[in-house]
Amino acid sequence: MDSSPQTKPKKPLLVVGGTTNPKPYDVSRPPPGFPSKPGLKRYSDDRDSNNLAIKKSRTVVSAQDGKKIVALDVKPLAIVEADTPKVPRQFWKAGDDKEDEPVPRYCSNDAAVRVHPQFLHANATSHKWALGALAELLDNSLDEVCNGATYVHVNSATNEKDGKSSILIVEDNGGGMDPGRFRECLSLGYSRKRNMANKVGQYGNGFKTSTMRLGADAIVFSRCRGTNGNKTTQSIGMLSYTFLYETRKCEAIVPTVDFELVDNAWKEVTYNSTDEWFDNLETIVKWSPYSSQQQLFDQFDHLEEQGTRIVIYNLWDDDEGKLELDFDTDPHDIQLRGVNRDEKNIEMAKTYPNSRHFLTYRHSLRSYVSILYLRLPPNFKIILRGKEVEHHSLLDDMMMTEDKTYRPVRSAECSSNEEMVADLKLGFVKDAHHHIDIQGFNVYHKNRLIKPFWRVWNAAGSDGRGVIGLVEANFIQPAHNKQGFERTAVLAKLENRLLSYQKTYWSSRCHEIGYAPRRKQANHVSSSTETTRQGEKKSEAPFNNVKHDKGPSSNAAPARFMQNGQPSDGNHLNSQKVKDESAKHVAELQRQRGQLESQNKQLKAKIQDLEKSKDDSQKLVSRLLNQLKQSAAKIQDMEKTQKVANDSEKLVVEFSNQLKQSNAKIQDLEKTQKVKEDESAKLVNELKIQKALLEEALKKVRDGSTKLVELQREKAMLEEESHKLKQSEAKIQDLEKSQIEVTAIFQEERARRDVIEHDLRKMLRGSSDTIRALTMKVNSLEAQKAKP
């Protein structure tokens with residue numbers, strides 16, 4: 001690796017023959033220090049009276065006899081050009097040619113088959129969803145973490161050329177691309193990520209389809225630091241459907257220019273001729289969103305020492321003539337207009353925060369990106385319009401979770417080295433007791449979300465509502481647009497198994513969130529290759545596993561010293577000493593690694609204990625809530641009884657008054673109606689009977705008052721239980737806070753462990769490089785000794 005320090009100039013300067021030119025120069029003429037280009041085509045001239053493109057003749061002096069050779073003017077097989085056609089502003093109409101527009105001019109008389117420009121548009125139609133296209137660009141930036149990337153920034157700006165239209169910018173500080181890799185990136189179907197571990201991309205198609213789906217044109221700036229003795233380079237390339245369409249090209253042409261850093265100044269890199277380099281630069285400037293070469297070169301100031309900057313412009317409109325991407329609603333978000341935006345879901349997201357991602361990910365890039373990756377590398381940030389996207393784990397939105405492991409039977413379509421296992425988290429969303437229609441499985445592939453909230457159960461009623469799941473299935477092949485999976489037998493088996501899991505979970509636990517209990521059904525899912533477990537039965541958390549690459553063996557490195565015979569006596573002791581030191585160093589590194597792994601297991605065990613206590617607390621809360629509902633019903637009954645008691649008290653007063661009146665009447669009758677004894681006796685008897693009835697009624701009322709006192713006492717007890725319930729909820733909140741703190745400690749410890757592991761790996765690589773260098777030195781000494 002080239003360790004010599006190189007200072008990045010503030011502005012990219014072009015140098016020829018030792019002459020620097022820091023000033024911007026116009027496209028219509030070469031910059032100072034460059035020779036004039038005879039016959040260079042301009043966009044405003046170089047056309048004869050017949051409006052045919054004619055390249056100017058050039059005079060060449062023969063090196064043998066000094067004679068002048070004049071090249072003939074050649075007219076291509078072209079017809080008179082009509083008015084320049086314009087690209088439609090709607091994406092789904094951009095691939096249509098009108099009947100009155102001229103066909104692309106004939107390019108050559110050979111039999112070669114070329115890629116037509118309309119293929120760029122047709123290829124981009126695989127992205128039905130614009131945010132899925134943006135996610136492809138984020139994947140490329142995340143893959144650059146191994147080359148030092150620490151952020152990717154998605155932003156918007158104003159087109160500098162027209163001053164009004166919007167452009168989209170995706171920028172990262174990864175390793176960038178040298179000219180070779182730069183052309184591979186802009187080529188169709190080439191990918192270095194094919195079959196690489198932990199890399200989702202494999203078709204070599206993501207960059208082209210995503211940029212063309214978001215806008216008609218894209219321009220790429222990339223700077224790569226020189227390694228292994230190579231110089232620092234930077235490149236500009238333009239993938240422009242507008243340029244190809246409006247100039248009626250018959251094949252896809254991607255103009256590119258390259259620079260290399262020589263003596264702290266940028267010098268152009270030419271492959272065929274300087275004229276071709278200038279032609280490409282002119283084309284890029286004319287069709288770019290920048291009005292001059294210097295504005296074009298100024299874009300490299302954003303990249304510092306390394307990185308890539310993608311500028312997408314001429315963004316597509318929707319059917320109403322507005323930009324498909326909405327930059328105005330939220331200054332820190334990029335949203336979609338049209339069918340993906342549901343105002344009802346947006347309002348529901350404010351009421352049900354734990355269901356926010358389900359309700360908003362279809363139209364909000366910030367919401368979608370927060371769940372796009374199962375795990376984010378330490379110290380890597382995704383920034384959206386100046387504000388960092390907070391990574392969100394869908395596990396935080398779940399309750400009453402269960403863990404399951406799915407092991408499908410290996411089929412012929414699966415690679416033999418793939419691990420056929422998928423760990424699954426299944427539970428209710430925390431807003432499930434509101435009975436909103438939210439359900440689905442979030443299926444990840446190699447850390448990347450492929451199918452968000454995949455609905456596998458389409459029941460006619462409310463069955464299945466509230467059940468969400470999380471699964472990482474690396475053995476299923478994603479589709480080209482990474483928004484689904486290839487329809488294979490393995491996917492069908494997974495879908496059936498997820499459906500069975502959801503039905504079993506729902507029927508056994510739906511009553512816990514307020515639905516009527518379902519009749520238990522026989523479980524016909526049985527397989528010797530599947531194991532189902534609850535949360536505490538698994539020894540390691542399924543979504544926090546980190547695969548460690550094994551370092552080089554301590555015995556493998558010294559063996560390389562003996563490949564070309566025995567070393568000389570003078571170097572044998574040194575090489576043996578290096579072997580011993582390397583073996584000790586490797587053993588020490590392995591010991592430290594074992595200690596880190598044991599600490600990791602202990603932390604994971606603590607996390608599992610906290611998760612178990614959290615589940616128990618949630619069950620307690622559910623039981624107390626049910627008791628609270630019952631208590632509320634009893635209180636309502638008591639209130640009704642109290643109303644009856646109040647009515648009874650009024651009745652007692654009325655009965656008492658009537659009794660007093662009856663007594664008075666009896667006394668009056670006994671005094672005044674002695675003459676009519678027979679009739680008075682009958683009346684007295686009737687009054688006595690009435691008195692007995694009233695006394696009995698009064699006794700019942702007094703008994704009712706006693707019951708009212710008891711009900712009031714029971715009400716006080718229920719209020720005391722409600723107070724205890726609130727205390728329990730406070731304790732649960734404290735437990736959740738402690739769990740969050742322990743999780744933060746675990747994440748911090750894991751980050752520290754990753755840093756230590758990275759340093760250990762770096763030391764291992766250094767040891768391997770030292771051993772390799774010594775091996776080469778020993779071999780060279782042996783070769784010198786073997787010479788006579």
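Ion pairing between a basic and an acidic side chain is recognised when a charged N comes within 4.0 Å of a carboxylate O; D258 and R183 show such pairing. Here K249 does not pair with E251 in a salt bridge; the nearest charged N to carboxylate O distance is not below 4.0 Å. A salt bridge links D139 with K482; the closest basic N to acidic carboxylate O contact falls under 4.0 Å. Salt-bridge check for R337 with D318: failed, with every basic side-chain N at 4.0 Å or more from each acidic carboxylate O.
Put simply, the side chain of R385 gets close to the backbone of F327: a donor and an acceptor are under 3.5 Å apart. Put simply, the side chain of R366 gets close to the backbone of K387: a donor and an acceptor are under 3.5 Å apart. Here the side chain of W316 pairs a donor or acceptor atom with the backbone of M212 at under 3.5 angstrom. Listed for the T270 side chain is no donor-acceptor partner under 3.5 Å among the backbone atoms of S273. Of the possible donor and acceptor atoms, none in the side chain of D326 sits under 3.5 Å from a partner among the backbone N and O of L336. Here the side chain of N447 pairs no donor or acceptor atom with the backbone of Y373 at under 3.5 angstrom. With K208 contributing its side chain and C185 its backbone, the two residues share a donor-acceptor pair below 3.5 Å. Under the 3.5 Å distance criterion, the side-chain polar atoms of Q335 are left unmatched by any main-chain donor or acceptor of S364. Under a 3.5 Å cut-off, the side chain of E144 and the backbone N or O of G175 do form a donor-acceptor pair. Judged purely by atom type and a 3.5 angstrom limit, E136 has no side-chain atom pairing as donor or acceptor with the backbone of T211.
The distance from atom OG1 of T209 to atom NE2 of H127, rounded to the nearest 0.5 Å, is 3.5 Å. For the atom pair D397 CG and H392 NE2, the distance stands at 3.5 Å (nearest 0.5 Å). The OG atom of S393 sits 10.5 Å away from atom CD1 of I371, with the distance rounded to the nearest 0.5 Å. S210 contributes atom OG, which lies 3.5 Å from atom CG of L137 (distance to the nearest 0.5 angstrom). Distance check: S288 OG to E160 CD gives 9.0 Å after rounding to the nearest 0.5 Å. Distance CZ/F300 to CD1/I236: 4.0 Å, rounded to 0.5 Å.
More than 12 heavy atoms of other residues, nucleotides or ligands shown are found within 6.0 angstrom of CD on E343.
Contact check for L239 versus V220: no side-chain heavy atoms found under the 4.5 Å cut-off. Side-chain atoms of L384 and N155, non-hydrogen and from C-beta on, never get closer than 4.5 Å to each other. A heavy-atom distance below 4.5 Å is not found between the side chains of L315 and Y313. When side chains are defined from C-beta on, I382 does not count as touching Y151, because their heavy atoms never get closer than 4.5 Å.
Partner R223 forms a side chain to side chain donor-acceptor pair (under 3.5 Å) with one of Q234, H302, E305, Q306 and no other, that one being Q234.
Aromatic ring pairs are classed by plane angle as parallel below 30°, tilted from 30° to 60° and perpendicular above 60°; the pair F453 and F358 is perpendicular.
Within the structure, the salt bridge (Lys or Arg N to Asp or Glu O under 4.0 Å) test picks out the following pairs touching residues 345-363 (sequence neighbours left out): E347-K350.
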Any chance you could lay out the ring-ring contact (aromatic ring centres under 6.0 Å, His included) test for Y368 and W129, step after step, and finish with the verdict?
CA-CA 12 Å; Y368 176 53; W129 184 38; 4.7 Å; yes
